[in-house]
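Source: prediction; values computed, not measured. Just so it is clear: chains get the letters A, B, ... in the order the sequence lines come, proteins before strands, and each one is counted from 1.
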Amino acid sequence: MAIRIYNTLSGRKENFETIKPDKVSMYVCGPTVYDSCHIGHARSVVVFDVIARYLKSQGYEVKYVRNFTDIDDKIINRANELNEKPAGLASRYIEEFHTDMDALYVERPSYEPKATDHINQIIDVINRLIEKNIAYEIDGDVYFSVDKFKGYGKLSGRKLEDMEAGARIDIDKRKKNPFDFALWKSTKPGEPFWPSPWGNGRPGWHIECSAMSCEYLGETFDIHGGGKDLIFPHHENEIAQSEAAFGKAFAKYWVHNGFVNINHEKMSKSLGNFLMIKDVIKRYHPEVVRFFLLSNHYRSPIDFTDKAMDEAVVGLDKIYALLQRLSDNTDCSGKDGNRPGDCWNRFCEAMDDDFNTAKGIGIIFDTVRQLNKQLDQKTTITPDITKILQIAYADLIRTGQVLGVFCLDPVKYFESKKSNAIGKLDIDEIAIEKLIKERIEARKAKNWAKADEARDRLSDMGIVIEDRPEGTIWRIKE
RNA sequence: GGCGGCAUAGCCAAGUGGUAAGGCAGUGGUCUGCAAAACCAUUAUUCAUCAGUUCGAAUCUGAUUGCCGCCUCCA
């Protein structure tokens with residue numbers, strides 16, 4: 001079954017065919033490191049993490065590049081505000097990016113190149129463009145001439161003529177066309193700079209991606225990803241630069257993820273509603289955050305609300321509870337799990353269709369329900385049933401490894417949730433254990449009134465208890 | 001003004017030509033001393049509205065309405 005990917009370039013789902021058999025080359029635009037990462041960064045990074053994981057699970061060797069933009073106006077401005085060196089600021093936020101993404105169980109890409117480490121490659125690409133008379137230099141600045149690239153606008157579906165009518169654009173009379181964009185910016189006092197054939201300066205924003213994707217993946221590669229907002233101008237400009245410079249098609253498949261809204265509103269500086277990853281994971285388990293982010297199709301917008309997050313918590317708990325129940329009831333490590341079963345096959349069908357994680361999660365829940373049903377049967381577990389359980393367990397673990405959720409030991413997951421809540425809610429574990437013991441004694445004596453009183457007192461403390469076959473357990477009320 | 005997207009039950013959400021996945025919430029039931037958890041049943045003759053194509057449309061076409069994004073830094 002072929003993988004189908006929605007390609008922004010064609011506006012359609014296309015069959016995924018790699019340039020080299022069994023190998024995928026993928027470039028995703030990473031952050032400009034001038035501030036902490038927000039939940040929107042998390043979505044993009046998690047989505048492409050899952051895409052890379054899925055492709056690997058299908059037997060592809062994935063070469064995945066995600067860059068850091070570590071030189072840029074925003075970095076310089078911020079560094080000036082903080083009276084800090086731009087390079088220091090950037091490296092601080094790169095470190096924080098790694099801390100956040102590691103916390104979200106994001107696998108590191110094959111390469112994480114920085115713009116400032118590739119100034120030579122950037123200069124080479126600019127030189128090619130100047131040689132071909134597609135770029136021109138004015139007073140130490142170098143601009144890309146959009147009129148010289150006939151495909152300009154093909155990704156975003158814009159025409160230069162249309163845009164000139166209504167767009168707000170800076171009037172720089174030196175530019176040949178108002179949409180010409182900077183490849184190289186001459187240095188201003190106090191700014192970091194590198195020497196170049198056009199004098200000291202620094203690269204423009206778009207050129208680094210053209211230079212670095214070529215450096216690591218070649219002139220043509222399979223997948224180029226990023227947030228929807230990057231389609232124009234960033235990715236449009238990347239295509240123009242690379243295709244003009246190398247005379248070849250740039251990326252085959254353009255994949256763009258949708259935005260995260262906060263309570264139905266776009267995150268914006270004016271609303272001050274930026275949700276930082278480091279704050280979100282204080283409130284929610286990182287796997288809950290992933291599970292939430294993957295509960296919608298990656299191209300649709302997703303709305304971050306308390307209700308949606310609470311549902312993600314309930315859903316993930318349900319899956320973990322089933323996994324624990326399975327491993328309590330049967331030996332899940334049996335070899336019958338080596339061959340994928342129905343759950344995995346259906347999950348792959350969903351993922352093959354433009355990485356439909358929302359549908360995949362539906363299949364997981366479907367499987368969870370079936371397994372709970374099986375385990376509810378009072379009949380003894382026969383070898384045949386054990387086999388079914390082993391296969392389903394292995395399948396669920398496989399899907400979890402692609403999505404990067406429910407990958408922890410269930411016991412540890414629930415314990416970490418518990419200890420987290422205990423820390424926050426000031427819960428007295430000893431008192432809880434004592435009340436539970438009291439209740440067990442009362443129940444043995446069939447003193448239901450006393451047993452219920454103990455349970456009520458626990459409930460007042462925010463504790464729910466469950467009488468399971470293997471004993472009474474307690475957990476924090478959601 | 002230009003370009004693009006979305007509209008599916010109380011809520012969230014899959015489904016892009018063959019007769020509406022899944023989750024949350026609700027109701028009834030099984031289980032339980034009672035609960036909790038789990039399971040079962042139930043919840044859209046219908047997919048914003050109107051018209052068209054088709055044997056057949058939530059899915060395709062056109063129009064209308066409403067919401068949103070990009071065009072300026074933005075995941």
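Among B/rG22, B/rA35, B/rA36, the nucleotide with an atom closest to any side-chain atom of A/Asp467 is B/rA35. Of the candidates B/rA14, B/rA75, B/rA38, B/rA14 carries the atom nearest the A/Asn296 side chain, counting heavy atoms from C-beta on. The side chain of A/Ser300 approaches B/rA14 more closely than any other nucleotide in the set B/rA14, B/rC73, B/rC71. In the set B/rC24, B/rC34, B/rA75, the nucleotide with an atom closest to the side chain of A/Asp452 is B/rC34. Ranking B/rA75, B/rC39, B/rU16 by closeness to the A/Leu230 side chain, first place goes to B/rA75. Of the candidate nucleotides B/rA38, B/rG22, B/rC34, B/rG22 has the atom lying nearest to any side-chain atom of A/Phe365. In this structure, the nucleotide among B/rA35, B/rC74, B/rC70 sitting nearest to the side chain of A/Trp205 is B/rC74. Relative to the side chain of A/Met267, the nucleotides B/rC39, B/rA75, B/rC70 differ in distance, and B/rA75 lies closest. Ranking B/rA36, B/rA75, B/rG15 by closeness to the A/Phe259 side chain, first place goes to B/rA75.
Nucleic acid contact class of A/Asn372 (heavy atoms, under 4.0 Å, all strands): sugar-phosphate only. At the heavy-atom level, A/His297 lies under 4.0 Å from the strands shown only through sugar-phosphate atoms. Within the 4.0 angstrom heavy-atom criterion, only backbone atoms of the sugar-phosphate kind lie near A/Gly227; the bases stay farther away. Among the atoms of the strands shown, base atoms are found under 4.0 Å from some heavy atom of A/Gly258. A/Val47 comes within 4.0 angstrom of nothing in the nucleic acid, heavy atoms only. When heavy atoms are screened at a 4.0 angstrom cut-off, A/Arg439 is found touching base atoms of the nucleic acid.
A cation-pi arrangement is absent between A/Arg43 and A/Phe259, since the terminal nitrogen or guanidinium carbon is not both under 6.0 Å from the aromatic centre and inside a 45° cone about the axis. Both the sub-6.0 Å distance and the 45° axial angle are not jointly satisfied by A/Lys185 relative to the ring of A/Trp205. Because its NZ or CZ atom is both nearer than 6.0 Å to the ring centre of A/Tyr6 and within 45° of the ring axis, A/Arg299 counts as a cation-pi partner of that residue.
Within 3.5 Å, no donor on the side chain of A/Arg369 pairs with an acceptor on the base of B/rC39, nor the reverse. Side-chain atoms of A/Asp229 and base atoms of B/rG69 include no donor and acceptor less than 3.5 Å apart.
With respect to the salt-bridge test (charged N to carboxylate O, under 4.0 angstrom), the residues A/Asp147 and A/Lys176 do not qualify. Classification of A/Asp49 and A/Arg53 as a salt-bridged pair holds, one side-chain N sitting under 4.0 Å from a carboxylate O.
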Distances under 3.5 Å between nitrogen or oxygen atoms of protein and nucleotides 7-11 of chain B:
residue: B/rC11; atom: O2'; partner: A/Lys307; partner atom: NZ; Å: 3.2

N/O contacts under 3.5 Å, protein versus nucleotides 3-5 of chain B?
residue: B/rC3; atom: O2'; partner: A/Ser156; partner atom: O; Å: 3.3

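OP1 and OP2 of B/rC74 both lie 4.0 Å or more from every side-chain N or O belonging to A/Lys266.
No side-chain heavy atom of A/Val289 sits less than 4.5 Å from a side-chain heavy atom of A/Phe304.
Look at CZ on A/Arg4: it is 10 Å from P on B/rU16, rounded to the nearest Å. Going from atom NZ of A/Lys446 over to atom P of B/rU32 covers 12 Å, rounded to whole Å. Residue A/Ile262 contributes atom CD1, which lies 16 Å from atom P of B/rC68 at whole-angstrom precision. Put simply, NE2 on A/His256 is 13 Å from P on B/rA75, counting in whole angstrom units. Counting to the nearest Å, the P atom of B/rC74 and the CD atom of A/Glu236 are 15 Å from each other.
When the nearest nucleotides of RNA chain B are assigned to A/Phe232 and A/Asp353 by heavy-atom distance, the more 5′-ward of the two goes with A/Asp353. When each of A/Asp376 and A/Lys13 is assigned the nucleotide of RNA chain B with its nearest heavy atom, A/Lys13 is the one assigned upstream, toward the 5' end.
B/rG15 sits 32 Å from B/rG1 when the P atoms are compared, rounded to a whole Å. Separation of the P atoms belonging to B/rC47 and B/rG5 is 23 Å when rounded to the nearest angstrom. Spacing between B/rU8 and B/rU45 at atom C1', rounded to whole Å, works out to 15 Å. With P as the reference atom, B/rU27 and B/rA36 are 11 Å apart, rounded to whole Å. The separation of B/rU49 from B/rA58, taken at their P atoms, amounts to 11 Å, rounded to a whole angstrom. B/rC3 and B/rA63 have their P atoms separated by 13 Å, with the value rounded to a whole Å. Comparing the P positions of B/rG66 and B/rC74 gives an interatomic distance of 33 Å, to the nearest angstrom. Between B/rG23 and B/rA38, the two P atoms lie 11 Å apart (nearest whole Å).
If you run side chain to side chain contact (heavy atoms under 4.5 Å, CB included) between A/Thr399 and each of A/Ile364, A/Thr367, A/Ile319, only A/Ile364 comes through.
For A/Trp448 and B/rG33, the ring-to-base geometry satisfies the stacking test (centroid distance below 5.5 Å, interplanar angle below 30°).
No close placement of the A/Tyr253 and A/His224 rings is indicated, their centers lying 6.0 Å or farther apart. A centroid separation of less than 6.0 Å is found between the aromatic rings of A/His285 and A/Tyr413. Aromatic pair A/His235/A/His256: ring centres closer than 6.0 Å.
Nucleotide B/rC60 is matched to B/rG52 when pairs are restricted to Watson-Crick or G-U wobble geometry with both distances under 3.5 angstrom.
Within a 6.0 Å sphere centred on NZ of A/Lys228, other residues, nucleotides and ligands contribute more than 12 heavy atoms.
Taking every heavy atom of both residues into account, A/Tyr64 and A/Ala52 meet most closely at CD2-CB, 4.0 Å.
Between A/Trp344 and A/Tyr54, the ring planes lie tilted relative to each other; the angle falls in the 30° to 60° range.
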